[in-house]
Amino acid sequence: MIAQTSRATAGSGANFVTYNHHTAEQGEKEIKLYSDFSHAGVEEGYAAQLLELEYGVADRWTTSLYFEGVAIDGESYDFGGWRFENRVRLFEQEVPFNPVLYVEYEHLEPAHRYKRAVTGRTHGDEDEEEEGTEHELETKLILGQDISNRINVAFNWINEANLETGNWEFGYATGLNYVLYESENDQGERCPFGCKEFKLGLELYGGLGNSDEGLTFGWSKTEQYAGLNILAEFGGGLEVGTGIALGLTGDSEDTIIRTMVGYEFD
């Protein structure tokens, strides 16, 4: 039987987009601040922040509330929107590719920039409609598996519905988490920097088309990213993570620097 993973693994581990099948324990409370920094994909650079408030409603049900802000070069700091997320793991015991159902309501302003997922197609140089506040419902099927005490793999199928137009966009995320060091293990290894656990994350994510034009795996028509991330969990509930996302297609942002600081309350 595979041992229970650390609390820092619950949700996404070291990754920023791909969810695994672990959920918070009942009563657990956590606050996280995520930041994206990029100078590609828009005319001017930006720094986008996402504040997450997470609560374990039950051992297999985690809910989160998000607030987003963004600073675009040459403009004042702006409100990007808010999101309400729920994740429910279907089985208490470990089963192959343990499924989790995900539902999130998104209220997004035109200024929003933070990438929690990538869906749909890109439109090249076509004229886009004037942007306004978006009301969207995002659902995911999350499949995750603990290969060992150190390795977790996951796949997410993503559906995003615009509640005003009825249009759907599709995407995916897949990733791996690998525990590089633990403070206590049978091999006597010690985690660097005095942390309890040090984890590596690898992920690949992007759009898969929409309901108007159908599914596509053509990378010339979608945004696609590869991410390399690390996460350190310290004593007292502190977590610090960072990573880089590299755009793989012409319409993707070239590089996004990502950071996270979190604290779990007893």
Measure from the side-chain N and O atoms of [X] to the backbone N and O of [Y], and report whether any donor-acceptor pair falls under 3.5 Å.
X    : Y    : value
E68  : R113 : yes
S12  : N20  : no
E239 : L231 : no
E203 : N15  : no
R150 : Y178 : no
T119 : G207 : no
D251 : Q224 : no
R121 : G214 : yes
T62  : T23  : no
R60  : L90  : yes

Side chain proximity check, [X] to [Y], heavy atoms < 4.5 angstrom:
X    : Y    : result
T216 : L208 : no
T122 : T249 : no
N229 : M260 : no
P96  : Q145 : yes
Q49  : S35  : yes
V17  : R258 : yes
N167 : D212 : yes
E182 : N149 : no

Taking all non-hydrogen atoms of both residues, which atom of G56 and which atom of A24 are closest, and how far apart?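 Residues G56 and A24, closest heavy atoms: CA-CB, 4.2 Å.
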
| field | For the student: nearest non-hydrogen atoms of S38 and E253, plus distance | value |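 So the minimum-distance heavy-atom pair works out to OG-OE1, 2.7 Å.
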
| request: Output the rest of the hydrophobic cluster of Y77: all Ile, Leu, Val, Met, Phe, Trp and Tyr residues reachable through side-chain heavy-atom contacts under 4.5 Å, sorted by chain and number. | output: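 Members besides Y77: none; it forms no cluster.
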
What about [X] and [Y], same hydrophobic cluster or not, with Ile/Leu/Val/Met/Phe/Trp/Tyr joined at side-chain heavy-atom distances under 4.5 Å?
X    : Y    : result
L65  : F265 : yes
L176 : I230 : yes
I158 : F16  : no
F198 : L200 : yes
V103 : Y55  : no

Output every pair passing ring-ring contact (aromatic ring centres under 6.0 Å, His included) with a member in residues 84-108, not counting sequence neighbours, ordered by first then second residue.
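Matches after skipping sequence neighbours: Y19-Y102, W82-Y105, W82-H107, H107-H135.
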
Discussion item. Checking T242 now: which residues fulfil side chain to side chain donor-acceptor pair (under 3.5 Å) with it, not counting sequence neighbours?
Written reply: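 Residues passing side chain to side chain donor-acceptor pair (under 3.5 Å) with T242: none at all.
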
Is atom CH2 of W61 surrounded by more than 12 heavy atoms (other residues, nucleotides or ligands) closer than 6.0 Å?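 Count not over threshold, so no.
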
- Message: Under 6.0 Å from the ring centre and within 45 degrees of the ring axis: does the NZ or CZ of R116 meet both conditions for the six-membered ring of Y66?
- Response: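 Relative to the ring axis of Y66, which defines the angle, R116 lies inside both limits.
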
[atom1]-[atom2] distance between [X] and [Y], expressed to the nearest 0.5 angstrom:
X    : Y    : atom1 : atom2 : answer
N156 : L143 : CG    : CG    : 8.0 Å
E138 : E85  : CD    : CD    : 8.5 Å
I256 : F37  : CD1   : CZ    : 12.0 Å
N177 : D146 : CG    : CG    : 10.0 Å
T63  : E104 : OG1   : CD    : 10.0 Å
D36  : I257 : CG    : CD1   : 9.5 Å

Take E134 and E160, measure what side chain to side chain contact (heavy atoms under 4.5 Å, CB included) needs, and give me the verdict at the end. CA-CA 12 Å; E134 298 177 357; E160 191 171 77; over 6 Å; no

Decide yes or no on side-chain hydrogen bond (donor to acceptor under 3.5 Å, both in side chains) for W168 and N159, but give the supporting numbers first. CA-CA 7 Å; W168 287 77; N159 309 289; over 6 Å; no

Apply side chain to side chain contact (heavy atoms under 4.5 Å, CB included) to the pair E92 and D59, showing each step before the final yes or no. CA-CA 8 Å; E92 182 176 359; D59 286 345; 5.8 Å; no

Is it true that E223 and K115 have a side-chain N and a carboxylate O under 4.0 angstrom from each other?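 Counted as a salt bridge, because a side-chain N and a carboxylate O are separated by less than 4.0 Å.
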
**Asked** K221 and E213: salt bridge (charged side-chain N to carboxylate O under 4.0 Å, His left out), yes or no, with the steps?
**Response** CA-CA 11 Å; K221 302 175 183 178; E213 302 172 80; over 6 Å; no

Worked verdict on I147 versus V153 for side chain to side chain contact (heavy atoms under 4.5 Å, CB included): CA-CA 7 Å; I147 304 300; V153 295; 4.0 Å; yes

Could you check V70 against E75 for side chain to side chain contact (heavy atoms under 4.5 Å, CB included), going step by step and ending with a plain yes or no?
CA-CA 10 Å; V70 60; E75 301 180 15; over 6 Å; no

Note to self: Run the salt bridge (charged side-chain N to carboxylate O under 4.0 Å, His left out) test on E54 and R87 for me, step by step, so that the C-alpha distance in whole Å, both residues' side-chain angles and the decisive distance to 0.1 Å come before the verdict.
What the structure shows: CA-CA 11 Å; E54 181 181 277; R87 287 179 287 125; 3.4 Å; yes

Notebook entry, point to check: Using the ring of each side chain (for Trp, its six-membered ring), is F155 parallel, tilted or perpendicular to Y172, with breaks at 30° and 60°?
Noted result: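 Plane angle under 30°, so parallel.
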
